[in-house]
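A quick note: this is a predicted structure, and the numbers were derived from the prediction, not measured. In listed order, ligands and their atoms are each counted from 1.
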Amino acid sequence: YENEFKRLSSLDLIGQMAAGISHEIRNPMATVRGFLQLLKMDNDFGRHDHYLEIMIEELDRANSIITEFLSIGNTKTSDMKMMDLNTIIFDMTPLMKVDAVTQNKMIEVETEEVPELLLNHNEIRQLIMNIYRNGLEAMEEGKTLWVRTYKEKDSVVLAIQDQGMGISSEVMEKLGTPFFTTKDNGTGLGLGICYAIAARHNAKIEIETGKEGTTFFIKFQMVQRHDGSGHNSE
Ligand code: ADP
Ligand code: MG
């Protein structure tokens with residue numbers, strides 16, 4: 001419980017730092033974007049239009065990732081709406097596959113029909129991204145990562161399973177602590193964000209890990225109809 005508490009209070013700190021850092025990152029990005037657009041206008045025969053468009057698109061994507069990351073601190077409940085978790089996953093599948101293929105790894109998506117949930121689209125995207133990227137980073141070439149959805153009792157489960165090296169108990173203890181990373185170029189922010197997003201969705205994160213790899217289970221409570229039966233009981 002002490003560890004839970006530490007996680008929560010340090011998330012405020014992340015929010016404050018992220019706001020400051022993002023400002024510093026966005027300014028140079030805006031400059032680069034501006035010059036790319038100038039290049040596009042001064043581009044003989046439109047030869048490089050395609051490349052320039054991709055560069056601008058990717059900058060915009062990076063920018064929106066920062067936005068999503070920052071919104072963690074002040075998301076309104078109005079950003080939540082009833083939606084199908086699988087839609088978000090299908091949406092992300094091409095991006096995930098590109099990430100995997102460029103690292104010589106594979107991603108398999110296996111979905112089951114699941115009831116709609118009250119979700120914040122951007123946040124769930126962020127959560128999935130942070131977890132599958134960790135999975136890919138933990139795996140050697142030729143390995144596979146699975147993204148699955150299924151029903152289990154009163155829950156809709158999102159399971160992300162990798163064939164990585166597993167997580168030691170020492171590392172396990174510190175998961176979600178801001179800036180904790182075992183990577184040379186890690187931020188140590190990914191899982192802290194995931195815990196915050198899961199908490200906001202009343203979802204639980206469970207982890208199974210061993211020599212064969214690691215599975216993150218994100219368990220969302222099914223939304224109950226207002227039929228007079230009141231809240232979910234465990
Ligand atoms: P980062 O990825 O920047 O290091 P994270 O918060 O995403 O930060 O993860 C923190 C640490 O948790 C990682 O540095 C790694 O040691 C460990 N970790 C997270 N996911 C996995 C995984 N799927 N397999 C092995 N280790 C993991
Ligand atoms: Mg990470």
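In the model, K143 has no side-chain atom that pairs as donor or acceptor with a side-chain atom of N104 under 3.5 Å. A donor-acceptor pair shorter than 3.5 Å cannot be found between the side chains of Y132 and D162.
With distances taken over non-hydrogen atoms, the option nearest atom 17 (C) of ligand 1 out of D184, L175, I160, L145 is L175. One option in I207, D162, T182, I131 has a heavy atom closer to atom 16 (O) of ligand 1 than any other, and that option is T182. Here the shortest heavy-atom distance to atom 21 (C) of ligand 1, taken over T214, L136, I167, belongs to I167.
Close contacts between ligand 1 and G166 involve ligand atoms 25 (C) [criterion: under 4.0 Å to a heavy atom]. Every atom of ligand 1 with a heavy atom of F180 under 4.0 Å away is listed here by number and element: 10 (C).
When all heavy atoms of K151 and E112 are compared, the closest pair comes out as N-OE1, 3.2 Å.
In terms of protein heavy-atom proximity, atom 24 (N) of ligand 1 is nearest to A138 CB, 3.4 Å. The protein heavy-atom contact nearest to atom 7 (O) of ligand 1 is N134 ND2, 2.8 Å. Taking atom 6 (O) of ligand 1 as the reference point, the nearest protein heavy-atom neighbour is L191 N, 2.9 Å. Atom 2 (O) of ligand 1 has its closest protein heavy atom at K183 NZ, 2.7 Å. The protein heavy-atom contact nearest to atom 4 (O) of ligand 1 is T181 OG1, 2.5 Å.
Put simply, part of G188 is less than 4.0 Å from ligand 1, judged by heavy atoms. Within the 4.0 Å heavy-atom shell around ligand 1 one does not find N130.
V109 and M83 fall within a single hydrophobic cluster, where Ile, Leu, Val, Met, Phe, Trp and Tyr are joined by side-chain heavy atoms under 4.5 Å apart, directly or via other members. When the side chains of ILVMFWY residues are joined at heavy-atom separations under 4.5 Å, either directly or via intervening members, L95 and W146 end up in two distinct hydrophobic clusters.
Judged by distance alone, the side chain of T177 and the main-chain N or O of F180 form no donor-acceptor pair under 3.5 Å.
Look at D49 and K40 and you find no salt bridge, because none of the NZ, NE, NH1 or NH2 atoms lies under 4.0 Å from a carboxylate O. A salt bridge links D60 with R33: the closest approach of a Lys/Arg side-chain nitrogen to an acidic carboxylate oxygen falls below 4.0 angstrom. A salt bridge between K105 and E141 is absent, with no side-chain N of the basic residue lying under 4.0 Å from a carboxylate O of the acidic one.
Among the backbone and side-chain atoms of N134, an N, O or S atom lies under 2.8 Å from the Mg ion (ligand 2).
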